Amino acid sequence: MSRTTKFAAVAASAAAAATAVVGLTAAPALAVTPGAFTATLQGNMVINAGVSATCTSSVLKGTVAANGTTTSYTSATAGGCGVTVTPGGLPWSGSISGGVVKINGFKMSAIGCTYSGNLTGSYTPSTANFPLTVTFSNQTVTKSSGLLCPSSATVTATYKYTQP
């Protein structure tokens, strides 16, 4: 092979390798199927603001946008808590992508105290579509209203996300 031919072959190989690296690093995040979803509490949800409220039932409903990652939570319930726990501020926004679920604008009230904030959880299987098991562990939310209420609370819950 002549020196020019060898140089051209090496340059072509380098360009192909660079294209492959760009293709690998620029791949879009894995998306789930767009449409309606229901998230059902698995086990208990614990909201701890110095005194724990343990809820035995909760259902979140919403939709995944056409992009497969953006979510909107349109309804939420919490029951079996020993006190009345009322979700508020719906719809909540969020996302599902790359093993992480985010709920933005989460808001719950109980015994005259209201807490709000963002929740971030992880899901399994991390590379799959629905159904997903999502765990929110010790997520801190801050007091948005109420007298004699602690300044923050933590939320721990595991939900199974499914589609009809």
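In this text, all values refer to a predicted model and were calculated from it rather than measured experimentally.
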Minimal heavy-atom distance between Asn104 and Gly94, with the atoms involved, is ND2-CA, 3.9 Å
Look up atom OG in Ser116 and atom CE in Met108, then write down how far apart they are to the nearest 0.5 Å.
12.0 Å
To the nearest 0.5 Å, how far apart are NZ in Lys160 and OG1 in Thr38?
12.0 Å
If we only count heavy atoms from C-beta on, is the Ile103 to Leu60 side-chain gap below 4.5 Å?
yes
With the side chain counted from C-beta on, respond yes when Val101 and Leu119 share a heavy-atom pair under 4.5 Å apart, and no when they do not.
no
Scanning both residues in full, the closest heavy-atom pair of Ile47 with Ala153 reads CG2-CB, 4.5 Å
Is Asn138 reaching over with its side chain to a backbone N or O of Val155, donor-acceptor style, under 3.5 angstrom?
no
Scanning both residues in full, the closest heavy-atom pair of Tyr115 with Ala49 reads OH-CB, 3.7 Å
Side chain Tyr123, main chain Gly99, donor-acceptor under 3.5 Å
yes
Hydrophobic clustering (ILVMFWY, side-chain heavy atoms < 4.5 Å, transitive) - are Met45 and Val83 grouped together?
yes
Return yes if some donor-acceptor pair links the side-chain N/O of Gln139 with the main-chain N/O of Thr120 below 3.5 Å, else return no.
yes
Evaluate the side-chain proximity of Thr40 to Thr162: yes if any heavy-atom separation is below 4.5 Å, no if none is.
no
Among side-chain atoms of Thr54 and Asn44, is any donor-acceptor pair under 3.5 angstrom?
no
Side-chain donor or acceptor of Thr71 paired with backbone N/O of Ser95 under 3.5 Å
yes
What is the distance from atom OG1 of Thr154 to atom CG of Asn48, rounded to the nearest 0.5 Å?
4.5 Å
Locate the shortest heavy-atom distance separating Ala110 from Val85; write the atom from each residue and the value.
CB-CG2, 3.9 Å
Trp92 versus Pro87: any side-chain heavy-atom pair under 4.5 Å?
yes
What is the distance from atom OG1 of Thr135 to atom OH of Tyr159, rounded to the nearest 0.5 Å?
11.5 Å
Answer yes if the side chains of Ser97 and Thr69 hold a donor-acceptor pair under 3.5 Å, and no otherwise.
no
Can you tell me how far the OG1 atom of Thr56 sits from the CG atom of Leu41, to the nearest 0.5 Å?
8.0 Å
Taking all heavy atoms of Lys107 and all of Ser144, pick out the closest pair and write down the distance.
CE-OG, 4.4 Å
Within-4.5 Å side-chain heavy-atom neighbours: Val32 and Tyr161:
no
OG1 of Thr70 to NZ of Lys102: how many Å apart, nearest 0.5 Å?
11.5 Å
Does Val46 belong to the same Ile/Leu/Val/Met/Phe/Trp/Tyr cluster as Val134, with side-chain heavy atoms less than 4.5 Å apart forming each link?
no
For Lys143, look at atom NZ and say whether over 12 heavy atoms of other residues, nucleotides or ligands are found less than 6.0 Å away.
yes
Counting distance only, does the side-chain N/O of Ser58 pair as donor-acceptor with the main-chain N or O of Thr77 below 3.5 Å?
yes
If you take all heavy atoms of Ala66 and Pro34, which pair is closest and at what distance?
O-CG, 3.5 Å
Mind telling me whether Phe37 and Phe130 have parallel, tilted or perpendicular rings, with 30° and 60° as the class edges?
parallel
